[in-house]
Amino acid sequence: FLSEEEVYAYAVKYGEMYDVDPLLILAVANIESSFNAHAVSTSEAIGLMQIKFSTYDGDIRPATGTPSDVSALFDPEINVRCGAYYLHWLFERLGSVREVVVAYNYGIGNVMRMLGDEQYSSDGVTLIYENIPNVSARSYQRRVMAKYEEYTAEYGEYFEQLVCMELKTWIDYTRPKSTLSYWRSTSNMEVDFCLDEELAIEVKCTMNVTEKHLRGLRALREEGIFKRYIVVSQEERPRLEDGIEILPWKYFFAQLWGG
C-alpha cells in the first residue's frame with residue numbers, strides 16, 4: 001500500500017500533464033484500490049486506478065507511450081499516469097465530473113446510451129443519478145464524489161494559496177501599481193481578496209457554492225464599493241447569482257489573462 005501523500009504526488013504530476021484535478025485522481029485511486037498498487041479485481045483490473053489491460057492496450061498506451069507489458073500497470077507511477085490520462089479522455093467526451101466518474105466505472109458506452117434516454121437524462125448532458133440502472137455504478141459515483149468533496153475540503157488551504165499566488169502573478173505582470181489585499185467590510189463580513197476598488201474575490205474550495213458562501217460578497221455588494229464580485233470555486237460551469245459571478249478557477253484565470 002502507498003501513502004496518500006505518495007499517491008497525491010503522482011496525482012499532481014499527471015493531473016497537471018493531462019489537465020485533470022489531482023484531487024479527483026486521488027479520490028478515484030482511494031475508492032478503486034485503497035492505494036494498493038498490487039490490487040487485482042475479479043474483472044482483472046489492475047493497480048491503484050484499477051485499469052483493465054484491454055483498456056490500457058487499446059485506449060491508453062498508444063497515447064501515453066508507456067510499456068506494452070501488462071506488468072507496467074503494477075508500477076504505481078505508470079498506473080496513476082494512465083488513470084489520469086483516461087479521466088482526461090473521458091472529460092473530452094463527457095465534460096462533467098459526475099458523468100466522467102460514472103463512465104470510469106460503468107463504461108462510456110453505457111453512459112452515452114443513458115444520456116440519449118429520457119429515463120436517465122432530461123437534457124442529454126447530465127444523468128439522473130438515482131435512475132442509473134446499475135446499483136454498483138450508483139454506489140461508486142456516490143462514494144467517489146463524497147471522497148472528492150472530502151479531499152476538496154481537506155486540501156482547501158492549498159487551493160486558496162494557488163489562487164492567491166496566481167492573482168499576485170497577474171497583478172505584478174499587468175498592474176504593478178495595484179495592490180491585492182485582505183478585506184473586512186464595514187458590516188464585518190470577510191472576503192478573501194480585493195483589488196483596489198475593482199474586484200472583491202471570495203475563494204471557496206467547493207464544488208457546490210451555496211448561499212452561506214455568498215454572505216461576505218453580498219454584504220460588500222450592498223455597500224457598492226467594488227465593480228465586480230466573484231467567487232472562485234471548484235464548480236464546473238460559470239454562473240451568475242444576483243450580481244455575484246461564480247466562476248470555476250481555471251475559467252477565472254483564463255478570463256483574467258485573456259482580458
Side-chain angles (χ1 to χ4, degrees), residues 4 7-8 10-12 14-36 39 41-43 45-52 54-56 59-60 63 73 79-117 119-156 159 205-209 233-237 248-251:
E4 181 180 301
V7 178
Y8 182 61
Y10 292 139
V12 169
Y14 294 108
E16 182 176 346
M17 178 179 290
Y18 296 118
D19 194 25
V20 177
D21 187 345
L23 298 181
L24 178 61
I25 298 171
L26 191 66
V28 170
N30 184 306
I31 298 304
E32 287 284 358
S33 68
S34 300
F35 302 143
N36 181 1
S41 73
T42 54
S43 62
I46 296 170
L48 290 171
M49 305 285 286
Q50 289 290 279
I51 298 168
K52 291 183 179 181
S54 58
T55 303
Y56 173 68
D59 297 324
I60 299 174
L73 289 173
N79 196 286
V80 172
R81 177 181 181 179
C82 292
Y85 171 78
Y86 191 55
L87 287 168
H88 165 80
W89 186 89
L90 291 171
F91 270 114
E92 286 189 323
R93 289 152 179 80
L94 296 169
S96 176
V97 172
R98 288 182 183 272
E99 280 61 45
V100 164
V101 168
V102 176
Y104 194 94
N105 174 260
Y106 194 36
I108 189 169
N110 287 325
V111 170
M112 296 301 291
R113 280 191 289 274
M114 286 191 293
L115 289 174
D117 187 331
Q119 181 180 354
Y120 306 116
S121 175
S122 60
D123 58 7
V125 177
T126 56
L127 293 170
I128 304 171
Y129 304 108
E130 59 270 24
N131 289 359
I132 294 173
N134 185 281
V135 175
S136 177
R138 288 203 306 271
S139 171
Y140 178 85
Q141 180 269 141
R142 286 195 298 268
R143 291 163 61 215
V144 170
M145 294 307 294
K147 184 59 68 173
Y148 186 26
E149 285 277 13
E150 179 185 318
Y151 283 143
T152 297
E154 180 182 337
Y155 287 80
F159 175 76
C205 194
T206 179
M207 295 179 293
N208 182 30
V209 175
S233 75
Q234 298 271 36
E235 286 201 7
E236 297 175 43
R237 296 180 178 87
W249 67 278
K250 289 184 181 180
Y251 178 94

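Start at 1 with the first residue, then count along the sequence.
At a threshold of 4.5 Å between non-hydrogen side-chain atoms, the residues Met114 and Ile132 count as touching. The side-chain heavy atoms of Leu94 and Met112, taken from C-beta on, include a pair separated by under 4.5 Å. Inter-residue side-chain proximity for Leu24 and Val101 is flagged as met; some heavy-atom pair is nearer than 4.5 Å. No side-chain heavy atom of Leu115 sits under 4.5 Å from any side-chain heavy atom of Tyr120.
Among residues two or more places apart in sequence or in another chain, the ring-ring contact (aromatic ring centres under 6.0 Å, His included) test is passed with Tyr140 by none. Evaluation of the side-chain contact (heavy atoms from CB on, under 4.5 Å) rule for Thr42 yields no partner, not counting sequence neighbours. Residues passing the side chain to side chain donor-acceptor pair (under 3.5 Å) test with Thr55, sequence neighbours excluded: none. Tyr106 is linked by a ring-ring contact (aromatic ring centres under 6.0 Å, His included) to nothing, counting only residues two or more places apart in sequence or in another chain. With sequence neighbours left out, the side chain to side chain donor-acceptor pair (under 3.5 Å) criterion links Ser43 to Ser41. For Thr152, the side-chain contact (heavy atoms from CB on, under 4.5 Å) partners two or more places apart in sequence, or in a different chain, are Leu23, Tyr148, Cys205, Gln234. For Tyr86, the ring-ring contact (aromatic ring centres under 6.0 Å, His included) criterion is met by Trp89, Tyr104, not counting sequence neighbours. Listed by chain and number, the residues in a salt bridge (charged side-chain N to carboxylate O under 4.0 Å, His left out) with Glu150 are Lys147 (sequence neighbours excluded). With sequence neighbours excluded, the residues satisfying side-chain contact (heavy atoms from CB on, under 4.5 Å) with Arg142 are Arg138, Ser139. Contacts of Glu235 classified as salt bridge (charged side-chain N to carboxylate O under 4.0 Å, His left out), with partners at least two apart in sequence or in another chain: Arg239. Applying the side chain to side chain donor-acceptor pair (under 3.5 Å) test to Asp19 and every residue at least two apart in sequence or in another chain returns Lys250. Contacts of Glu16 classified as side-chain contact (heavy atoms from CB on, under 4.5 Å), with partners at least two apart in sequence or in another chain: none.
Between the side chains of Arg237 and Tyr251, not a single donor N or O lies within less than 3.5 Å of an accepting N or O.
Listed for the Asn79 side chain is a donor-acceptor partner under 3.5 Å among the backbone atoms of Ile46. Of the possible donor and acceptor atoms, one in the side chain of Gln50 sits under 3.5 Å from a partner among the backbone N and O of Ala39. Put simply, the side chain of Ser233 never gets that close to the backbone of Pro248: no donor and acceptor are under 3.5 Å apart. Checked by atom type and distance alone, the side chain of Glu99 pairs as donor or acceptor with a backbone atom of Leu127 at under 3.5 Å.
Pairing each heavy atom of Ile25 with each of Ala84, the nearest pair is CD1-CB, 3.6 Å. Taking all atoms of both residues into account, the shortest heavy-atom contact from Val80 to Ala11 is CG1-N, 4.0 Å. Among all heavy-atom pairs drawn from Val28 and Met49, the shortest one is CG1-CE, 3.9 Å.
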- Task: Check step by step if side-chain contact (heavy atoms from CB on, under 4.5 Å) holds for Tyr10 and Arg81.
- Result: CA-CA 7 Å; Tyr10 292 139; Arg81 177 181 181 179; over 6 Å; no

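Using bins of under 30°, 30° to 60° and over 60° for the plane-to-plane angle, the ring pair His88/Tyr85 lands in the tilted bin.
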